[in-house]
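None of the values given here were measured: they were computed from a predicted structure. In what follows, chains carry the letters A, B, and so on, assigned in the order in which the sequence lines appear, proteins first and then strands, with residues in each chain numbered from 1. When reading the values below, keep in mind they use all heavy atoms of this one structure, side chains included, and skip hydrogens, waters and symmetry mates.
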2 protein chains.
Amino acid sequence: MSASDPGFLAALREAQASADEGGMPVGGAIVSSSGEILGTGRNQFVQKGSVILHGETSAFENAKNHPLAAFKDGTLYTTLSPCPMCAGAAVFFKVKKVVIGENKNMSGREEFLRQHGIEVVILNNQACDELMTDFITNKPHLW
Amino acid sequence: MSASDPGFLAALREAQASADEGGMPVGGAIVSSSGEILGTGRNQFVQKGSVILHGETSAFENAKNHPLAAFKDGTLYTTLSPCPMCAGAAVFFKVKKVVIGENKNMSGREEFLRQHGIEVVILNNQACDELMTDFITNKPHLW
């Protein structure tokens, strides 16, 4: 597992796309147990005013043409440590692993995931960190 | 707290509307600490193919014209005991109470909510139970 993993790169592209749109730079990707990228997505709070389309939930929603069973034992990638809703989604959809870009800007529900038997990998990725740091610095009213 | 509570009745109407549409009969409502119904919603798996618009998350999403702070210390109503994602949403949005129509057809994350200081009320409501029982009986492939 590294920062050159296709699933991670897809999530990072989504985060960058959200930043380019003026949005919260959090991206996600859901990858099947066989390695297929099922869906990717980004936070839509600024863009659509959505309160539930975070990077991770957007990725699941954009994978909705697949049967729910396709998520089972898959890997969820997220550029930022997941909030309680998104961690709950990982449990609900029965993923096996969650790969997190960074957890310096938000310490999410990693222990909750582990308690549910989900492997957690934290990449401490500089690009993810910088996207969030820039956002928090420049748009503190949105954080 | 009773089955004649406006927030609960709004959630139940959403569940009935979903049943009328052929969908999963789960409805939700989010009510502010001052008693204002901020949003209501229903499961959209059948109607829109959505995997993240459950009764509860739909209610939050349909309340998105309100500031996030409006959800704090509010009450989330749901006709069915919440899944991990929806229980996580209740924690994320900092509600004070979750009122559940029934938990016979799905035993949701009630203990998780209590662990986060959220009051949980279970109504054991017959109408909610019957809606879900009918759905599971008649559409087992969707459950």
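- A distance of 10.0 Å separates CD in Q44(B) from CD in E61(A), rounded to the nearest 0.5 Å.
- The same ILVMFWY cluster, assembled from side-chain heavy atoms under 4.5 Å apart, contains both F45(A) and I30(B).
- No part of A87(B) comes within reach of chain A, as not one of its non-hydrogen atoms sits under 4.5 angstrom from that chain.
- In terms of heavy-atom proximity, V91(A) sits nearest to R109(B) at CG1-NH2, 3.8 Å.
- For the residue pair P84(A) and G88(B), the shortest heavy atom distance occurs at CB-O, 3.4 Å.
- At most 12 non-hydrogen atoms from other residues, nucleotides or ligands lie less than 6.0 angstrom from CD of Q126(A).
- Chosen from H116(A), K64(A), K48(A), the residue pairing most often with chain B at heavy-atom distances under 4.5 Å is K64(A).
- Both M106(A) and V51(A) are members of a single hydrophobic cluster when ILVMFWY side chains are connected at heavy-atom separations under 4.5 Å.
- Looking only at heavy-atom pairs under 4.5 Å with chain B, the residue among C86(A), S50(A), A63(A), G49(A) that has the most is S50(A).
- Pairing each heavy atom of F60(A) with each of I52(B), the nearest pair is CB-CG2, 4.2 Å.
- Between H54(B) and F92(A), the ring planes lie perpendicular to each other; the angle is over 60°, past the 30° to 60° tilted range.
- In the hydrophobic clustering of this structure, F93(B) groups with L53(B); members are Ile, Leu, Val, Met, Phe, Trp, Tyr whose side-chain heavy atoms approach within less than 4.5 Å, directly or through other members.
- Heavy-atom neighbours of E21(A) CD from other residues, nucleotides or ligands within 6.0 Å: above the threshold of 12.
- Grouping the Ile, Leu, Val, Met, Phe, Trp and Tyr side chains by contacts below 4.5 angstrom, directly or via other members, places I118(A) apart from Y77(A).
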